[in-house]
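Structure record follows, encoded as structure tokens.
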Amino acid sequence: MDLSAAYDCVDNSMLLERLQSAFGLTDLVHDWVQSFLTDRTQQIAYSGQLSSVQSVLIGVSQGSVLGPLLYVLYTAELALVVDRHGLSLHQYADDMQVYIITPAGDAEAADRRFTACLVDIEAWLKASRL
């Protein structure tokens, strides 16, 4: 699975909550990350013309060192979703592979587990605004 524009869809308030509750980032570190995420702007240059400066209210910068790390932490719960179904997950940034290894005789049951897992992943992604 490749999530389109995933970095741009990260809900910053949800990210800060997850960093605090799941990873224990509080106080100065939490404030530092919050500072990194707030008061950002962007401007587009095209054919020698500049757009107006716009506030960036959601997302993490893919072009920074911290942005991809924050994205991975934001989506860390996906491993728990997949694990509940007994499947495996490999993630690299916004690319995910969910898979199952099963004997051929168990293919139907594996298919049902895989399908149920995908339904739960979809629900998690929607709840996480991705």
Starting from L66, can I reach M14 by hopping between I/L/V/M/F/W/Y residues whose side chains sit under 4.5 Å apart? yes

Does a donor on one side chain sit under 3.5 Å from an acceptor on the other, for S52 and Q43? no

Evaluate the side-chain proximity of L118 to M1: yes if any heavy-atom separation is below 4.5 Å, no if none is. yes

Count I, L, V, M, F, W, Y as connected when their side-chain heavy atoms are under 4.5 Å apart, and connections chain through other members. Are V29 and F36 then in the same cluster? yes

If we only count heavy atoms from C-beta on, is the T75 to L125 side-chain gap below 4.5 Å? no

Looking at OG of S55 and CG of D39, how far apart are the two atoms once the value is rounded to the nearest 0.5 Å? 8.0 Å

Which atoms form the tightest heavy-atom contact between C117 and V82, and what is the distance? SG-CA, 3.8 Å

Evaluate whether atom CG of D2 has more than 12 neighbouring non-hydrogen atoms of other residues, nucleotides or ligands under 6.0 angstrom away. yes

Rounded to the nearest 0.5 Å, what separates atom OG in S128 from atom NZ in K126? 12.5 Å

For the atom pair CG (N12) and CD1 (I58), what is the distance rounded to the nearest 0.5 Å? 7.5 Å

Find the distance between CG (L19) and OG1 (T26) and round it off to the nearest 0.5 Å. 11.0 Å

Do L69 and Y7 land in one hydrophobic cluster if side-chain heavy atoms of ILVMFWY residues count as linked below 4.5 Å? yes

Shared hydrophobic cluster for V119 and L89 (ILVMFWY, side-chain gaps under 4.5 Å): no

Between S61 and S64 the two heavy atoms that sit nearest each other are O-OG, 3.0 Å

Does a side-chain heavy-atom distance below 4.5 Å link L16 with H30? yes

Any chance you could measure S13, atom OG, to L37, atom CG, to the nearest 0.5 Å? 10.0 Å

Side chains of Q42 and V53: closer than 4.5 Å at any heavy-atom pair? no

Would the distance check show the side chain of Y71 and the main-chain N or O of D8 forming a donor-acceptor pair, the cut-off being under 3.5 Å? no

Atom pair CG (L3) and CE (M96), whose distance is rounded to the nearest 0.5 Å: 5.0 Å

ILVMFWY clustering at 4.5 Å (side-chain atoms), partners of Y99: I101

Answer yes or no: is there a side-chain heavy-atom contact under 4.5 Å between I100 and S88? no

What residue pairs, at least two apart or across chains, pass side-chain hydrogen bond (donor to acceptor under 3.5 Å, both in side chains) with a residue in residues 101-124? E77-W124, H85-D120

Can you see whether F23 has R18 sitting over its ring - NZ or CZ less than 6.0 Å from the centre and within 45° of the normal? no

Could you go through the side chain to side chain contact (heavy atoms under 4.5 Å, CB included) check for I121 and V98 one step at a time? CA-CA 10 Å; I121 288 172; V98 178; 3.8 Å; yes

Got H90 and D95 here, is their nearest side-chain heavy-atom distance under 4.5 Å? no

Do the side chains of V56 and Y74 join up, straight or via other hydrophobic residues, at under 4.5 Å, putting them in one cluster? no

